[in-house]
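Reviewing the structure listed below.
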Amino acid sequence: EPHPPRQVFVKCHCDYDPANDNLIPCKEAGLQFSSGDILQIVNQEDVNWWQARRVEGGSAGLIPSQLLEEKRKAFVKKDVDLSPADFDRHELLIYEEVAKVPPFRRKTLVLIGAPGVGRRSLKNKLLVSDPQHYGTTVPYTSRKPKSADRENMMYALTSRSKMEADIKAGLYLEHGEYDGNLYGTKNDSIHEVVEAGRICILDVNPQALKVLRTSEFLPYVVFIKAPEFEVLKAMNRSGVEAGVTKSRTDAELKRTVDESAKIQRVYGHYFDLTIVNDDLEQAYRNIKSSLEKLKGAQQWVPVGWVF
Ligand code: 5GP
């Protein structure tokens, strides 16, 4: 018996409008899509033009193939402020193959955002308000303890040589050097939290998303978007008055807004949820209810996650 042809579904990681495409043989035959849409690929025989339809239904239309888009993107490098590494890893992911799976538990809750948008406060809010559901890791450092006891709570202390060897062996999710000392998060620390029945909150650089979006970490990725500059400025002012935050200059606030926009442009297709943290309580409830809803819904996930 011949196998039925395998059904291929993809999640689109960019926007496409045939009306603006001067390469498409027939604009009317094209299928418009937006980043995040799920399409079924009906025919992939042509190297340049695939036939696809929306999973919600409707008729099939032409979309550019992965190869055609790669060729096109190689010509127009739009984001001049992207490092070559960012460009390689993120710009060329046009279609990601996905599969529909029954509800399942995410292992990690990944908070992404520019410095200054309040990732730390949101993480603490989740940990303090709901310790039976959320946990987090204790980072390792090679630094000598500064003031004994209190510090042993914040870091797991280790030697530089041990840490270097473990980093080389791939045991760390991420690491960095500060003031001559190494700091980093071990993969095993994440697994310990998950095995204890909690979702592990990670507050990491967006570069770590590439490693995290695997079946090992099954992440739910939340982007904490910066509010508009004027709103951020007003929040900063009232925070300072209430003694909650230190005064930040307009230039610093502007940097937060710009960095946030850049992260969204480069990594936006990886986000499961985008929220603005202009009200901590509301942001907290938003994340909780989104995770709650996920428990009862079938989900489209990267095919590599299918267990
Ligand atoms: P301190 O030694 O004063 O506690 O921290 C110094 C620096 O190490 C801080 O700027 C902090 O952001 C950084 N750091 C703390 N934990 C980690 C970590 O897990 N990974 C990385 N890359 N840096 C960290």
Side-chain angles (χ1 to χ4, degrees), residues 83 85-86 89-90 107-128 131 134-196 198-214 216-224 226 236 239 244-249 251-253 255-256 258-260 262-263 266-267 270 277:
S83 70
D86 279 339
R89 276 174 295 162
H90 302 284
K107 292 181 177 174
T108 57
L109 171 63
V110 182
L111 304 180
I112 300 292
V117 295
R119 275 187 295 166
R120 198 78 50 83
S121 55
L122 197 48
K123 177 180 175 179
N124 289 338
K125 171 88 181 161
L126 286 156
L127 290 170
V128 170
Y134 303 100
T136 193
T137 56
V138 176
Y140 281 75
T141 181
S142 66
R143 159 163 89 52
K144 294 281 164 295
K146 282 183 195 164
S147 64
D149 293 356
R150 202 181 72 84
E151 292 238 309
N152 290 332
M153 309 280 286
M154 295 174 61
Y155 294 108
L157 304 177
T158 180
S159 71
R160 189 175 181 100
S161 57
K162 167 89 170 112
M163 205 162 155
E164 281 172 348
D166 286 350
I167 289 167
K168 214 177 215 170
L171 304 187
Y172 277 81
L173 171 72
E174 66 85 35
H175 67 274
E177 184 149 5
Y178 179 85
D179 207 13
N181 297 300
L182 293 172
Y183 295 82
T185 299
K186 263 186 158 172
N187 294 333
D188 275 350
S189 317
I190 300 171
H191 298 315
E192 280 167 23
V193 174
V194 174
E195 275 150 31
R198 298 189 179 89
I199 187 162
C200 184
I201 306 179
L202 297 170
D203 165 16
V204 293
N205 291 326
Q207 289 88 324
L209 283 178
K210 180 82 178 163
V211 190
L212 284 170
R213 287 182 77 254
T214 61
E216 183 178 359
F217 299 112
L218 300 177
Y220 188 71
V221 182
V222 177
F223 178 56
I224 323 288
N236 183 247
V244 183
T245 56
K246 272 188 278 188
S247 174
R248 295 167 70 218
T249 64
E252 285 170 323
L253 298 174
R255 206 176 310 135
T256 295
D258 291 347
E259 177 66 17
S260 179
K262 186 185 166 191
I263 294 173
V266 180
Y267 299 95
Y270 288 149
N277 184 15

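Not measured: the values here are computed from a predicted model. Each ligand, and each atom within it, is numbered from 1 in the order the structure gives. These values consider heavy atoms only, across backbone and side chains, with no hydrogens, waters or symmetry-generated copies. Numbers for residues simply follow the sequence, beginning at 1.
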Going by the rule salt bridge (Lys or Arg N to Asp or Glu O under 4.0 Å), which residues pair with R119 if we only count those two or more places apart in sequence or in a different chain?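 Once residues adjacent in sequence are excluded, the partners of R119 under the salt bridge (Lys or Arg N to Asp or Glu O under 4.0 Å) criterion are D203.
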Considering only heavy atoms, does Y155 approach ligand 1 within less than 4.0 Å through its side chain, its backbone, both, or neither?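 Near ligand 1, Y155 shows its side chain, while the N, CA, C and O stay back.
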Where ligand 1 meets [X] - atom numbers and elements under 4.0 angstrom, heavy-atom basis:
X: E174; value: 18 (C), 19 (O), 20 (N), 21 (C), 22 (N)
X: G176; value: 22 (N)
X: H175; value: 22 (N)
X: T185; value: 19 (O)

Just jot down the side chain to side chain donor-acceptor pair (under 3.5 Å) partners of Y183, sequence neighbours excluded, or say none.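 Side chain to side chain donor-acceptor pair (under 3.5 Å) list for Y183, sorted by chain: R143.
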If we count only N and O atoms by modelled type, under 3.5 Å, do the side chains of R248 and T256 hold a donor and an acceptor together?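 Yes - a donor-acceptor pair under 3.5 Å links their side chains.
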Let me know which of V221, V204, I112, L218 forms a side chain to side chain contact (heavy atoms under 4.5 Å, CB included) with L212.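 Between L212 and the candidates, side chain to side chain contact (heavy atoms under 4.5 Å, CB included) is satisfied uniquely by V204.
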T249 side, atom OG1; R255 side, atom CZ - distance, nearest 0.5 Å: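 Rounded to the nearest 0.5 Å, the OG1-CZ separation comes out at 6.5 Å.
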